[in-house]
Amino acid sequence: MKNAEVVRNSDYSLKARHNPEYTRVALFVKSFKKLCRNPLSASGVIIVALLLICAIAAPLIATHNPLEQDLARVLASPSLAHWFGTDEYGRDVFSRLVYGSRVTLYIIFLVTIIVGPVGLLVGTMSGYFGGWVDSVFMRITDIFISFPSLVLALAFVAALGPGLEHAVIAIAITSWPPVARLARAETLTLRNSDYVVAAQLQGASACRVLFHYISLMCLPSLIVRLTMNMATVILTAAALGFLGLGAQPPLPEWGAMISTGRSYMLESWWLVAFPGAAIMLVSLAFNLLGDGLRDLLDPRTE
Amino acid sequence: MDVLTVEKLNVTFRTDEGLKHAVRDVSFTLRNEKLAIVGESGSGKSTVGKAILRLNPPSTRVTAEKLQFGKTNLLACNEKEIRAIRGQHISMIMQDPKFSLNPVMTVGEQISEALSVHRNISRREAKEAALEMLKEVSIADPEHVYSQYPHEISGGMGQRVMIAMMVIPEPDIIIADEPTSALDVSVQQDVLNILTRLIEKKNISLIFISHDLNLVKKFCDRVLVMYGGRVVESIKANELSNASHPYTRGLMESLPSLKHRRETLPVMTRDQNWLTQEYTT
Amino acid sequence: MISIQSLSFDMPGSTKSKRILNDINISIGKGECFGLVGESGSGKTSILKCLAGQFQGWEGAIAIQGKSLAETSLKERSNTMQMVFQDPYGALHPRHTIRKILNEPLAIKGLSDKSERILKALKDVGLDETFLPRYPHQLSGGQRQRVAIARAIILDPDIILLDEPTSALDVSVQAEILNLLTSLHRRHQLTYLMVSHDLGVIAHLCERVAVMKSGEIVEVVSRDDLVEGNVAHAYTKVLLQHALSRE
Amino acid sequence: MIRSRVSRVTKKTGVILITLFGLLTMTFVIGRLMPIDPVLAVIGPDADSSTYQQVFDEMGLGKPIWVQYYYYLQDMLSGDFGRAILTGSPVIDDILRVLPATIELASIAIMVGVGLGVPLGVYAATHRGRLGDHLTRLITLFGYSTPVFWVGMVGLIIFYAWLNWAGAAGRIGFAYDGMFTSYTGFYLVDTLLSGNIEAFVSALRHIALPALILGLNSVSFIGRMTRSFMLEQLSQEYIKTARVKGLSERSVIWKHAFKNIRVQLLTIVALAYGGLLEGAVLIETVFAWPGFGQYLTDSLLMGDMNAVMASVLFIGLVFVFLNLLSDALYKMFDPRTQ
Amino acid sequence: SNTPSDQLIIALKMNNILSLDPAASTGNDIAFINANLYDTLIELDPEDPTIILPALARDWEVADDNMSISFSLREDVSFHSGNQLTAEDVVWTFERVLDLNLALATTWKALGFTKENISNLISETGTHEVEIKFPRELDPKLVIYTLATSPSAFIIDKQLVLEHEQDGDLGHQWLTTNSAGSGAFSLEQWIPQDRIIMVKNAQYWGETPSLERIAMRNLKESQTMRLMIERGDIDVAIGMSVPDIRSLEGAEGVDIQTTQRGTLYYVAVSMQNDILANKDVRRAIRGTINYEGINDSIMPYYGVFHQRPVKLGLPATLPEPMYSLSTDEARKLLANAGYENGFTTTIRALNESPFINVAINLQSSLERIGINAEIISGTGNQVYGAMRDRRFDIIVGRGGGGFAPHPDSNLTPLLFNPDNSDSAKLTNFQGWRTGYHNERINELIMQAVSEADSELQNSLYAEVQSIYDEDVGALFPFSQMVNTVAVRQEVEGYLDDPAAMTRLRSVTKH
Ligand SMILES: Nc1ncnc2c1ncn2[C@@H]1O[C@H](COP(=O)(O)OP(=O)(O)OP(=O)(O)O)[C@@H](O)[C@H]1O
Ligand SMILES: Nc1ncnc2c1ncn2[C@@H]1O[C@H](COP(=O)(O)OP(=O)(O)OP(=O)(O)O)[C@@H](O)[C@H]1O
Ligand SMILES: [Mg+2]
Ligand SMILES: [Mg+2]
C-alpha cells in the first residue's frame with residue numbers, strides 16, 4: 001500500500017475545497033509579503049531596492065561628477081561637501097560609490113543573463129537526454145568545476161586582458177557549471193515524473209518537454225541559485241578589481257576603488273571603508289534575498 | 001481502569017496561512033483495550049497521537065482540559081519528565097519502517113538503545129534483551145538481523161523491528177500510527193498478529209490509528225471516528241456496521257465489495273454541519 | 001486489442017541487470033476492462049511502462065490493435081493509448097493551469113476546436129469550466145484525478161492504462177472516481193488495463209484479473225471466479241482472503 | 001561481483017582520465033590565449049630584436065599551435081612541466097616548495113572552519129526560527145558576503161598595527177628566515193622540531209590572523225551546510241522515533257541526527273578545503289604569504305605560461321582528488337552505499 | 001629596532017627578480033642584489049657619480065688615441081668559491097654577455113661590440129691585465145661608465161660556472177639561481193619570489209663588512225612595509241608607495257632617502273598613428289599635460305619635475321623649456337590641425353602608481369580639449385610589449401636608461417632611430433618604437449658619442465635638445481625618476497646608488 005502521508009489533503013474542510021482562485025499577481029503579492037515578513041529577507045529586499053534606485057537615479061543622487069578630478073582637494077576626509085570624502089584625485093567618493101552601483105549591477109546583470117540560460121540549457125539537456133549527451137556535458141562541467149572559480153576567472157582575465165567585459169566573461173565562464181549541475185539534478189528528478197511521462201505519452205517532442213515542462217520547474221530553484229550567485233559575482237568582480245584585473249580606471253568599480261584606495265588606507269580610511277562596506281552590504285543583501293527566496297520555495301530545508 | 005484520559009484536546013498549528021485548528025475538542029478515555037482512531041487523511045488522527053506524547057513541532061499549541069496518564073498530568077510535564085514517560089510508559093509505532101529507523105545505526109543498536117535509555121544496564125544485557133525481543137517478534141535469525149542496517153531488511157521485518165523497539169521497555173500504552181499501511185497485504189496480517197500477541201502478553205493498551213475502517217473492525221475493541229479534527233463518533237468495533245453517523249456509514253459503504261458488487265458505488269455527500277455538530281454517543 | 005506475448009524485461013542496473021518481468025502473456029479484447037493485481041514491486045507498473053514506451057529493450061511481442069508495438073512510434077501510440085497515473089498530485093504539472101494541461105495534447109496534435117474539446121472532456125469527468133484557470137494545487141485529490149482522466153480521454157484514445165488511479169485517494173473519493181471510470185467506459189467503449197493492489201477495486205471494475213507475483217503472472221481469473229473463491233494459486237488466495245476480511 | 005567492481009573502477013578511471021585530459025587542454029588554451037608575451041617577461045622591455053628572436057625560438061613559440069599542443073601534452077604526460085620564468089627553476093619544484101605554506105595555512109583555517117562551523121550549524125538547526133538561528137544566519141551570511149581581502153586589510157591594521165597581537169606579513173619574522181631546519185615545510189612543525197621556541201611563537205603569530213580570516217569564510221560555508229543538513233535530518237521520521245524512545249535532546253541531535261550527516265559533512269569539508277585554496281589567492285596577497293596562491297597570481301601577471309599551466313593543472317588535480325576522496329569517504333562511512 | 005643588530009633586513013617587491021645571471025638580469029632590483037654578490041672593475045661614487053673609483057681594477061689607462069683602455073686588476077681577490085680572480089675571468093665575463101645575447105647584451109651592442117668582434121676587442125694582457133679595444137671611435141667615458149653601471153659588468157667566476165654548464169649554455173641555467181661572484185656578501189639562500197639571504201664574505205678584498213647577514217624578503221604590500229618599518233620589524237623598505245612614504249616622512253626612527261635616477265617618466269605618442277603624427281596635435285598634447293599638477297601631487301617620491309630628454313644635473317642638459325598646461329592653446333592647435341571636435345584614442349599605462357595615476361590625469365585633461373581617450377592598463381609586459389610592436393597610441397611610461405652620468409645614456413635609448421622601417425625592429429630604441437625619426441638628431445648623437453672632447457660634445461647635445469623641442473618629438477618627458485627608500489635610523493651607511501648598485505658592505509647598525 002502506498003504511504004498515506006504523502007497524500008495529505010492540505011485543505012480539508014468543505015469550504016476549502018472551493019478555495020478562492022489565486023491569480024498570478026495575487027500569488028506574487030502574497031509571496032512577496034511572506035518574503036518581507038522575515039526581517040532579514042526584508043532588509044535584503046530593501047538594500048537591493050536601494051541599489052537599483054542608486055543605479056537608476058545616479059545622476060540625481062550623486063553630489064558630484066564621479067570622474068571629475070580636483071587635484072587641489074585630494075584625500076579630503078568626509079565632510080558636508082564630500083560626504084564620504086575624496087580620493088587621491090580629489091574625486092568625490094560618495095558619487096563614485098553611487099555610480100559604482102551601475103557597474104555592479106551591470107556586471108551582475110550580464111553575468112546572470114549569460115549564466116542562467118546557459119546553465120539551464122546545458123543542465124536540462126544533460127539531465128533529460130542522459131547517455132552520451134549527459135556524459136559530454138558533465139565532463140565539461142566537471143572540468144570547469146575542477147578549478148576554484150576565482151582562479152579560473154583570474155586565468156581567463158589574464159588571458160583576455162583586464163577590463164570590465166572580460167571580467168564579466170570570465171566570471172560567467174566560471175559560474176555556469178554549478179547552475180548547470182543544479183538544473184541537471186532538478187531535471188533528473190523531473191524526468192520521470194508522471195506529468196513529463198504524460199506529456200511524452202501525448203507525443204510531445206523533446207524540445208517541448210524541455211521548454212514547456214522541465215525548464216519551468218527548474219526556474220524557482222535556479223532563481224534562488226542565481227540570486228545567491230549574484231553575491232558571489234559581486235565578490236569575484238571585486239576580487240578581480242582588487243587584483244587589478246577587473247574594471248579599469250577611471251570606472252568607479254567598488255573593488256577597484258578598494259584596490260587603489262588601499263595605498264592610502266592608513267590615513268584615508270574612507271577610501272577603503274565605504275566601498276568595502278558597499279560590497280559587503282550588497283553581497284549580503286543578495287544572500288539574504290536568496291535565502292529568503294529559498295525559504296519561500298522550500299520551507300523545509302534551507 | 002482508565003489508563004489515559006483525554007478531555008477536550010485541542011491542537012493548533014501556526015502556519016503561513018494563519019492558525020490551523022487541526023484537532024478540536026477530542027475527548028476519550030483509554031482503558032486496557034485496543035482503541036482505534038479512524039478517519040480520512042488529514043482528519044487529525046496522527047496529530048492526536050503525537051499530542052499525547054508531546055511530539056508536535058514547537059510551534060504547535062496543545063491545550064486540553066485533561067491529559068492524564070495514570071497519575072501524571074502530561075500537559076504539566078517538563079521536558080525531562082516527558083522523556084521519562086516516552087518509551088518507558090507510552091510509546092509509538094510509526095507508519096513506515098523505511099523512514100522511521102535511523103539508516104546509519106544497526107537495527108540492534110536502535111533496539112537496545114530504547115531499553116538502555118530508561119534502564120541502567122550494561123551493553124551486554126541490553127543486547128541480550130534486544131535479541132530476545134527480536135525472537136519474540138518472530139524474526140528467524142536474531143543474531144544476524146541485530147547487526148544489519150535498516151536498508152538491508154525488508155519492510156515487514158522493519159515493522160517488526162519497530163514493534164520490538166517500542167515494546168522492549170514494556171510500556172503501558174502503545175500508539176500505533178498506521179503501522180501496516182506501508183506493507184503488503186500478505187505481510188500486514190503477520191505484523192498485526194505479532195502486535196496482538198505481544199500486547200496481550202505484556203498487558204499493554206493500544207491506540208491504533210488507521211484509515212481503514214474494515215481493518216479496525218476486525219482488530220480493535222473500540223473505534224473513534226474522526227472527521228475534520230473532531231471525533232464524530234465513538235463506537236464499539238463490532239457495532240461499526242450499524243454506525244449512526246452518516247460519515248461513518250458513508251465510509252463503510254463506499255468501499256467496493258467483492259461479494260456484493262454494485263454497478264455504482266454510493267458517494268458520500270459531506271455535510272458542513274459535521275464540522276460543528278457535537279457528536280452524541 | 002492488446003496482446004502481449006512472452007514479454008520479459010530486464011532492468012539494466014549499474015552493476016547487473018535485474019529481471020523484473022518474466023514471460024508475461026495477456027490478451028485483452030476491445031472494450032474489455034482488464035485488471036492487474038499483485039504485491040508491491042511485482043511488476044505491475046512495469047507492464048504499463050513497457051506498453052507506454054517508457055521502458056525499452058523488452059523481449060517478446062506486444063501488439064496493439066494488431067500492430068506491433070515495436071514498430072509504432074510514440075506519437076502514433078499516443079493516438080490510441082493514454083495513461084492515468086497513481087498519484088494525482090504528481091501527474092499534473094504544478095505550474096500549468098488546467099486549461100494549459102488540457103490544451104497541451106491538442107496543441108501537440110495540432111487539433112482545431114480546442115476549447116470545445118476541452119469543455120467536453122471536462123464535462124465528461126464531471127467538472128465545469130470554472131476550473132480552467134486554476135492550478136493543480138487549487139484542486140482536491142479527486143478533482144486532480146478527474147483532470148488527469150480528462151487529459152487522457154481528450155484525444156479520444158481507444159485504450160487507457162490506469163496505474164492505481166485511486167490508491168492515493170480516500171475511500172470516499174475512490175468511489176467517485178471508480179463511478180466515473182465505469183461511466184466513461186460505458187459511454188466511450190474504452191479498453192482499460194488497470195493496475196491495483198486492491199482486489200476489491202479491481203473486481204469492481206474489471207471482468208478479468210491477472211494476479212502477479214515477483215515479475216510473473218501466476219494466474220488470470222474472471223470476476224465470477226474471484227467472487228466464488230474459485231482461485232488456484234496460493235497467493236491469490238491470500239489476496240482474496242484479505243479482501244474478503246475487509247468487508 | 002568482482003567483475004562488476006572492476007568494470008566500475010575502469011569506468012571511474014576513464015572518467016577521471018577524460019577530466020584530466022580536459023584540464024590539460026583547458027590549461028593549454030588559457031596559457032596560449034594570454035596576450036602577455038612570455039619572451040618579454042624573460043628579456044625585459046629594452047632588449048633588442050635579435051635577443052627577442054633568440055628567446056622566442058628557444059621557447060618554441062614559432063611552431064604551429066597544434067605542434068605546440070602536441071609537445072605540451074608529451075611534456076605533461078612525461079611529468080615535465082618545464083621551467084618557470086618567474087623563478088628559473090622547474091615548475092614542479094616551485095609548486096612543491098610553495099605548497100607547504102598554503103597547506104599549513106589552509107589546514108589551520110579548515111580547523112577553524114570545522115571547529116566553529118559545525119557547532120554553529122547544529123545550534124542554528126536545533127534552534128530554528130529563534131533568535132539564535134537568526135543571529136547565526138546573519139553571522140554566517142556576513143562571512144559569505146565580506147570580501148576576504150578587505151577583511152584581511154582591516155585585520156592587519158587592527159591586529160598588527162594597533163594591537164600588535166599578530167605578526168605582519170609572511171610566515172615568520174624576517175629575522176628567523178632560514179634560522180631553523182626545514183623538515184616538513186610547515187613552519188609550526190619545523191620550528192618545534194628545531195627546538196626554536198622563539199621562532200615557533202613568531203610563526204604562530206604570523207599564521208593566526210590569515211588563518212582565522214580564511215577560516216571564517218569556511219565557517220560560513222560549513223555552518224550553513226551543517227544547518228541545512230541538520231534540518232533535513234531533524235525533519236526525518238526516525239528522529240521522531242528516537243524521541244519516542246525517550247532519548248534526551250542531546251542524544252537525538254548528536255547520536256542520531258549528526259551521525260547521519262557526518263558523511264555529507266566530510267564531503268563539504270573536502271569541498272571547503274578546496275575552496276580555501278581560492279581564498280588563499282587573495283589572503284596570500286594581503287599577507288605576503290609565500291604560498292601557492294601568490295605563486296599563481298604572480299605567474300599569471302607575469303605571463304609565465306609554464307608556471308600558470310602547471311599550477312592550474314595542479315589545482316584541478318587537487319579538486320579531482322578531493323572529489324574522489326569524498327566519494328571514497330562516502331562509500332566508507334555510509335552503510336547504505338556498501 | 002626589533003631586528004638583530006648584525007642583520008640587515010630589507011623588504012622589497014621581488015616580482016622582477018627573475019634571474020640572478022648578470023648577463024640576463026634586467027631591472028634595478030637585481031643590480032642591487034648582484035652589486036653585493038659580485039664586483040665590478042670600477043665603481044662610481046654614489047655621492048657624486050662623476051667620480052670614478054677603483055674596484056677590482058686597481059688602475060686603468062685610456063690609450064692616447066682614445067681607442068682602448070687597459071686595466072690592471074688587484075691580485076688579492078678570490079671568488080666565494082676560493083678561486084683566484086684573474087684577467088681570464090674578466091675577459092670571459094664580457095665575452096659571455098655577448099655570446100649569450102640576452103637582455104643585457106643590448107647595452108654593449110649599442111656601443112658597437114658584437115658577438116663576433118668581442119673576442120678580438122677584449123683580451124688579457126697578463127694574468128691581471130686586461131685590455132678593451134673600442135669597436136669604433138667612442139667617448140672612452142661611455143665605456144668606463146658602462147663598466148661601472150651596467151648590471152652585466154659583474155665579474156663572474158669562470159671556473160665555477162663552467163663546472164655547471166649544461167648544453168653549452170655557459171652556465172646560464174645554473175647562474176639563474178646561483179651566484180659566482182667575489183662580492184662582500186655571498187648568497188646563502190634564494191627562494192624565488194620569497195627571500196634572499198646573503199652572508200658576509202669574510203675573505204672580502206676590501207674592508208670586511210660589519211653585517212653578518214642580509215635578509216631580503218618579498219613584500220608587495222606597501223602598507224605592510226610601512227607598518228613593519230614603523231615598528232622596526234624591517235630595516236630598509238624599498239618600493240613603498242607615495243602615501244606611505246609621505247606618512248613616514250615625519251615618523252620617528254625612520255629616514256627617507258631620495259636619490260635621483262637617470263630614468264625619465266614620459267608621455268609618448270605613436271608617429272605611426274596618422275593623427276598623432278601631426279605636429280600640431282602633438283604640440284596640443286604636449287600642452288595638455290598637467291606638468292605642475294602631476295609633479296606636485298602624483299610624482300613626489302617617484303620623480304622630480306623635468307622636461308628634457310637628457311637627465312638633470314649634466315653639463316649638457318639645457319634649462320627646462322617650461323611647457324605647461326594650457327587648454328585653450330591646445331584646443332586652438334587641435335582646431336588648426338583639423339580636429340576641432342577632437343578624436344578618440346587610447347592611453348596605455350602600467351597598472352601601478354604613478355603610471356596609472358598620470359594616465360588618469362592625462363585622460364581627464366585630454367577630455368577637456370575634446371580628445372576622448374580610453375585607458376588600457378596592464379602589466380609591464382602588456383604595456384611595453386604593445387609599444388615594442390608599435391601598437392599603441394599614447395603611452396605613459398618610463399625609460400631611457402640613464403644609469404651612466406652621460407647624456408648618451410638617455411638620448412640613444414630615447415631618441416636615436418637609425419632605421420624607422422617596421423622591418424628594422426629596433427625594439428630596444430624608444431625612438432623606433434614611437435616611430436620618431438629625425439636624421440639630424442641621429443647624426444648628432446652618433447657624432448657626440450665618438451667625440452671625446454667634452455666641450456664640443458656638450459654643444460652637440462644641446463643642439464639635439466633644441467631640435468627635439470622645436471620638432472615636438474614623440475616623447476614628452478615630464479619627470480625624472482627618483483628612488484625613495486625608507487631606512488631605519490639604526491642603520492648607518494646605507495647609501496642608495498644612482499645606478500641602483502647600492503652596496504651594503506659599509507652599512508652598520510647600532
Ligand atoms: N506540523 C504541522 N504544521 C501545520 N499543519 C499540520 C502539521 N501537522 C499536521 N498538520 C495538519 O493537521 C491536520 C491533521 O493532520 P494529521 O497528520 O493528524 O492527519 P492524519 O489524520 O494523520 O492524516 P493521514 O491519514 O494522512 O496520516 C492536517 O490538515 C495537516 O495538514
Ligand atoms: N526505474 C527503475 N529502476 C530500477 N528498478 C526498477 C525501476 N522501476 C521498477 N523497478 C523494479 O522493478 C520491479 C517492479 O516494479 P513495478 O514498479 O513494476 O512494481 P509494481 O508492481 O508497480 O509495484 P507498486 O505496487 O509498488 O507500484 C520492482 O522490483 C522495482 O524495484
Ligand atoms: Mg497520519
Ligand atoms: Mg506501481
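So that the names make sense, note that chain A is the first sequence line, chain B the second, and so on, each numbered from 1.
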Item checked: Residues D:Lys259, B:Glu109: salt bridge by 4.0 Å N-O rule ->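 Salt bridge: yes.
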Given side chains that start at C-beta, do those of [X] and [Y] come closer than 4.5 Å, heavy atoms only?
{"X": "D:Lys240", "Y": "B:Met92", "answer": "no"}
{"X": "D:Arg243", "Y": "B:Leu55", "answer": "yes"}
{"X": "D:Tyr238", "Y": "B:Asn102", "answer": "yes"}
{"X": "D:Lys245", "Y": "B:Arg86", "answer": "no"}
{"X": "D:His256", "Y": "B:Val104", "answer": "no"}
{"X": "D:Leu247", "Y": "B:Arg83", "answer": "no"}
{"X": "B:Met165", "Y": "D:Val244", "answer": "no"}

Check: If you look at every heavy atom in B:Pro103 and D:Asn260, which pair is closest and at what distance?
Finding: CG-OD1, 3.1 Å
Check: Looking at B:Pro150, B:Ser100, B:Gly87, B:Pro171, which one has more heavy-atom pairs under 4.5 Å with chain D than the rest?
Finding: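 Option with the greatest count: B:Ser100.
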Item checked: Top contributor to chain D interface from B:Met94, B:Lys98, B:Met166, B:Arg54 [non-hydrogen pairs under 4.5 Å] ->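 Most heavy-atom pairs within the cutoff with chain D belong to B:Met94.
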Checklist line | Atom group of B:Leu53 that falls short of 4.5 Å from chain D, counting heavy atoms | finding: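 Only the side chain of B:Leu53 comes within 4.5 Å of chain D.
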Check: In terms of heavy-atom proximity below 4.5 Å to chain B, should D:Ser251 be classed as side chain, backbone, both, or neither?
Finding: neither
Checklist line | Enclosure of B:Arg197 CZ (heavy-atom neighbours >12, cutoff 6.0 Å) | finding: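 Above 12, so yes.
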Notebook entry, point to check: Going from OG1 on D:Thr241 to CD1 on B:Ile93, what distance comes out if it is rounded to the nearest 0.5 angstrom?
Noted result: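 It is 10.5 Å, given to the nearest 0.5 Å.
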